[in-house]
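So you know, we letter chains A, B, ... as the sequences are listed, proteins then strands, and number each from 1. From a predicted model like this one, the values you see are computed outputs, not experimental measurements.
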Amino acid sequence: MHTSNTSTTGHEKGLQDLDQVVIRFAGDSGDGMQLTGDQFTRTTALMGNDIATFPDFPAEIRAPAGTLPGVSAFQLRFSSFDIHTPGDAPDVLVAMNPAALKVHLKELKKDGILLLNTASFSALDLKKAKYDKDPRTDGTLLGYRLIEVDLEARTQEALVNSALDNRDRERCKNMYALGILYWMFHREMAPTEKSIAQKFGKKPDLVDANLTAMKAGYAYAETVEIFQTAYRVLPAPMKPGTYRNIMGNQSLCLGLVAAAQKSGLQLFLGSYPITPASDILHQLSTYKHLGVITFQAEDEIAAVAAAIGASYSGCLGLTSTSGPGICLKSEAIGLAVMAELPLIVLNVQRAGPSTGMPTKTQQADLLQVMYGRNGESPVCVISASTPADAFEVGYEAVRIATKYMVPVVVLSDGFIANGSEPWLLPDPETLPPITVSFAPAGKPGEKFMPYARNPETLARPWARPGTKGLVHRIGGLEKQDVTGNICYDADNHQHMIETRAKKVANIANDLPPTATIGDRTGDLLVLGWGSPRGAITAATQRLTQQGHKVSCAFLRHLNPLPNDLLALMRGFKKVVLPELNSGQLAMMLRAKYLIDVQSFSQVNGQPFKTDDIEAFLKTVLAGMKKEVRQ
Amino acid sequence: MTSVDRPVMQKKDYKTDQDVRWCPGCGDYSILNAVQNAFAKMGKQLHETVIISGIGCSSRFPYYMETFGFHTIHGRAPAIATGVKISNPALDVWVVTGDGDAMSIGGNHFIHAMRRNIGLKILLFNNRIYGLTKGQFSPTSEQGKVTKSSPLGSVDYPFSPIALTLGAGGTFVARGVDVFGAHLEEIVIKANAHSGTAVVEIYQNCNIFNDGAFKGFSEKEVRDARILYLEHQKPLLWGPNKDQGIAFDAQFRPYIVTGADLGKAYVWDETAETPAPAMALATMSETEFPVPVGVFRRREKPTFEAGVQAQVTAAKSKKKESLRDLLYAGEIWDVK
């Protein structure tokens, strides 16, 4: 928390202005931490701050209460300036039980605020959290600004007149905590009042209890002596326009639907539920009124296969998955490559290998989607880098898939999928047009050529079954160019492999010059793709402010790569690439361009911390100075 | 139906310019012939028909039919066809598959097509062997079968595709034989008339790797004595003089009736609600009992694609939303 000035206006106690705050809510999976974080986020977005969020929860729906594996957390950072990440260490930790304290205290900043629920500190509670001694009395909490509140007792008192039973009353304690934080950070309660009323509209007793608890928490904070000051974070200067807070999976869906509307195509999603991609299936299934068809298939293979069938018949076939699901789809994606049909594969990456850590983030499927199919099987690969960016990426996927008649893999990850940020809403009128044309009916006596190609894009015609004069046969066997007949001829096979590769390579001709933050030449270029974008941007900005000649650039298109990438990399003495895998894109770039791209790898299931990237870059810069001296 | 738009069709209209590449003498030729005849009789228009196949000898079928055709990947034809049919229910979608493709690698998609009752017509060529990979036992091979991959005889028990289909909730289940051309044509026409998933198991001789698998009941000399033709609302009688019948006991176990007891022969009802008699016929011993062919089950039930499209149509008429309204939804705020 950086204090910029102090002010006491409009608040009975002291009011201090901050430029940013990082809050982490941590509690049991059943404590409502995600809901609490979400409410704080909505309110704060509406109050005009820039925001970034990071939900971090276990894969288990309800691990045993009070245990370490059951801890669920939600971190949010809000500010009066443009931010790129949900922050590294929190300024404020809300710990709802000893287990949450145990898991998250080590990350709290020194001198940070700790709001601790003291309701459950029995010997058993401590044991479940693997505390030998009570951390409140053994010095563990020294150095933090500790606020102890028995949230359960306070909530019960506040709800003494509620119609709910004891258990349901106690479950409102998260709202009591939210009320305390609303006072501390000078937030308005009206957005939450509205939102809770909508969410639990059919249960007025529940709405009443939640809001009563929140207001009681607010009043408590205002009254008691432990809070000397409240804090205020003024709105961030943001580009003019209309904003909406958005999560990555949501905006990806909206981008796809927008592109379908613009192109006049019907969307068809074939999907099998899998964390953290299931929300795509959930959301698209609510868009039937927009003509979107969703099909919950019997397995991952059927999901992609049905999507291919849909594309074959003239809809735009999508499939969404994660982790092991992408492996299962490999063979079918190869068929789409061979049949030269548009197909969009949404891969919301999670930590692997195998089942791995389903709710944790990673970017380790890049090589899988690039090369994980039999034969030479090129597909287009693009990636989303922030929750709002996923909208444009979804839109771009449709443009490419239909223009080039190719499968497009969209890489997102758990961090983007569930994270959120304010999204400057685009004007639907100014979205670039997507023109799709189907092969017209054939003339009598004329034979349709399914692999006759557009000379510029090399795309073959999209021939919808049901159209007269277009009957033809396609399939996974190698085929003669133009006619599409089965063909085992050596020269033809060579030609077809080269053609399929060329078709994907041609996509690069559409791409704008790669944007950089910072100069286009200098000492160090930090390249990134996907969700590390925020942390890389923040780290680069810090180094620039410290006088280093560091720039950064982000790759949305991973296959094909932008045509200007080589020249850009050559403008710097060194290129560093932080990614949440063991150096996969770095390996691709080194292989393709013979440039000594240095990988900065992290594979712990967590997003990068800005501090860690900054430290690594500093080491690289220091090494470069040494080299010069030698 | 004859008009400018729907011209009368002839068998030759369905032939493609591709040379048929099945082994000479393969049962697939007679099936192709029967299907082309049936299609001509039904007046199927080329551009309205899609034939989707998986992998295996049978799956080459689309290349020999002058319709839309998609030769896909092993076992997945029902899943791909499902996407086609949901996207455009007006299309006439056929799946051609084999015992390995449908019962082994694609078993999951096959049973889920039944569960959904999606309007696919599935022709399952059952030769009880893997032909394209040159002769390993298949999931319908008899136990103890000696093949390249089972030199001491296969340990696996076989599936009955008919029983599996019935068990998975199939609404049209029938069996034909490659060499019974006219009968097969009839069954293909009946399958076509069914709105939901229709499965036709076709016994098909692989003269290279499993020659004579069905000759014990399919050859001309033995046919009358060994084949039980299922005819709707007629008693289950067979034999050259129709002097043997099948009856069921209280547990639906089949037994043979003759002479004075012939009147006890069960009167076949392919539309029966209970699948029990059909299941009994599908699982009775091929050596002790005759081999039933014809329609085992035919029950109309709303189709999957109609249900999916109905939801979309209803949602469209209930809610209109512009792209702007869709994007500018939820809690939005303006920054000046």
Chain B contact via [X] - which portion, at a heavy-atom distance below 4.5 Å:
X: A/Pro450; result: neither
X: A/Ala332; result: both
X: A/Leu431; result: side chain
X: A/Ala307; result: neither
X: A/Ala339; result: side chain
X: A/Tyr312; result: side chain
X: A/Val292; result: backbone
X: A/Leu341; result: side chain

So, taking the atom named [atom1] in [X] and the one named [atom2] in [Y], what distance separates them when rounded to the nearest 0.5 Å?
X: B/Phe110; Y: A/Glu298; atom1: CZ; atom2: CD; answer: 12.5 Å
X: B/Leu327; Y: A/Phe391; atom1: CG; atom2: CZ; answer: 5.0 Å
X: A/Lys288; Y: B/Thr313; atom1: NZ; atom2: OG1; answer: 11.5 Å
X: A/Cys315; Y: B/Asn88; atom1: SG; atom2: CG; answer: 8.0 Å
X: B/Arg324; Y: A/Glu429; atom1: CZ; atom2: CD; answer: 6.5 Å
X: B/Ile332; Y: A/Ile246; atom1: CD1; atom2: CD1; answer: 11.5 Å

Is [Y] close to [X] at the side-chain level, that is, under 4.5 Å between some pair of heavy atoms?
X: A/Phe295; Y: B/Val308; answer: no
X: B/Arg76; Y: A/Ile308; answer: no
X: B/Lys318; Y: A/His289; answer: no
X: A/Arg473; Y: B/Glu66; answer: yes
X: A/Ile293; Y: B/Gln311; answer: no

If we define contacts as heavy-atom pairs under 4.5 Å, which of [options] has the most with chain B?
options: A/Pro235, A/Ala441, A/Pro426; result: A/Pro426
options: A/Asn245, A/Leu46, A/Leu254, A/Leu290; result: A/Leu46
options: A/Pro240, A/Gly469, A/Gly476, A/Ser195; result: A/Pro240
options: A/Ser313, A/Pro422, A/Ala305; result: A/Ala305
options: A/Ser251, A/Ala306, A/Gly291; result: A/Ala306

Check the surroundings of atom [atom1] in [X]: do more than 12 heavy atoms from other residues, nucleotides or ligands lie under 6.0 Å from it?
X: A/Tyr272; atom1: OH; result: no
X: B/Phe159; atom1: CZ; result: no
X: B/Asp17; atom1: CG; result: yes
X: B/Gln18; atom1: CD; result: yes
X: A/Lys239; atom1: NZ; result: no
X: B/Asp325; atom1: CG; result: yes

Measuring heavy-atom distances to chain A, does [X] have an atom under 4.5 Å in its side chain, in its backbone, in both, or in neither?
X: B/Leu91; answer: side chain
X: B/Ala314; answer: neither
X: B/Val312; answer: both
X: B/Asp92; answer: neither

Considering only heavy atoms and a distance below 4.5 Å, find which of [options] pairs most often with chain A.
options: B/Leu46, B/Asn108, B/Ile55; answer: B/Asn108
options: B/Arg115, B/His74, B/Lys336; answer: B/Lys336
options: B/Tyr63, B/Tyr328, B/Trp333; answer: B/Trp333
options: B/Gly106, B/Ser317, B/Ala329, B/Ala90; answer: B/Ala329
options: B/Asp334, B/Ile73, B/Thr49; answer: B/Ile73
options: B/Glu321, B/Lys85, B/Gln309; answer: B/Glu321

Can you tell which of A/Lys194, A/Arg42, A/Arg244 makes a side-chain hydrogen bond (donor to acceptor under 3.5 Å, both in side chains) with B/Glu331?
-> A/Arg42
Between A/Pro465 and the options B/Val93, B/Thr67, B/Val50, the side-chain contact (heavy atoms from CB on, under 4.5 Å) test singles out B/Val50
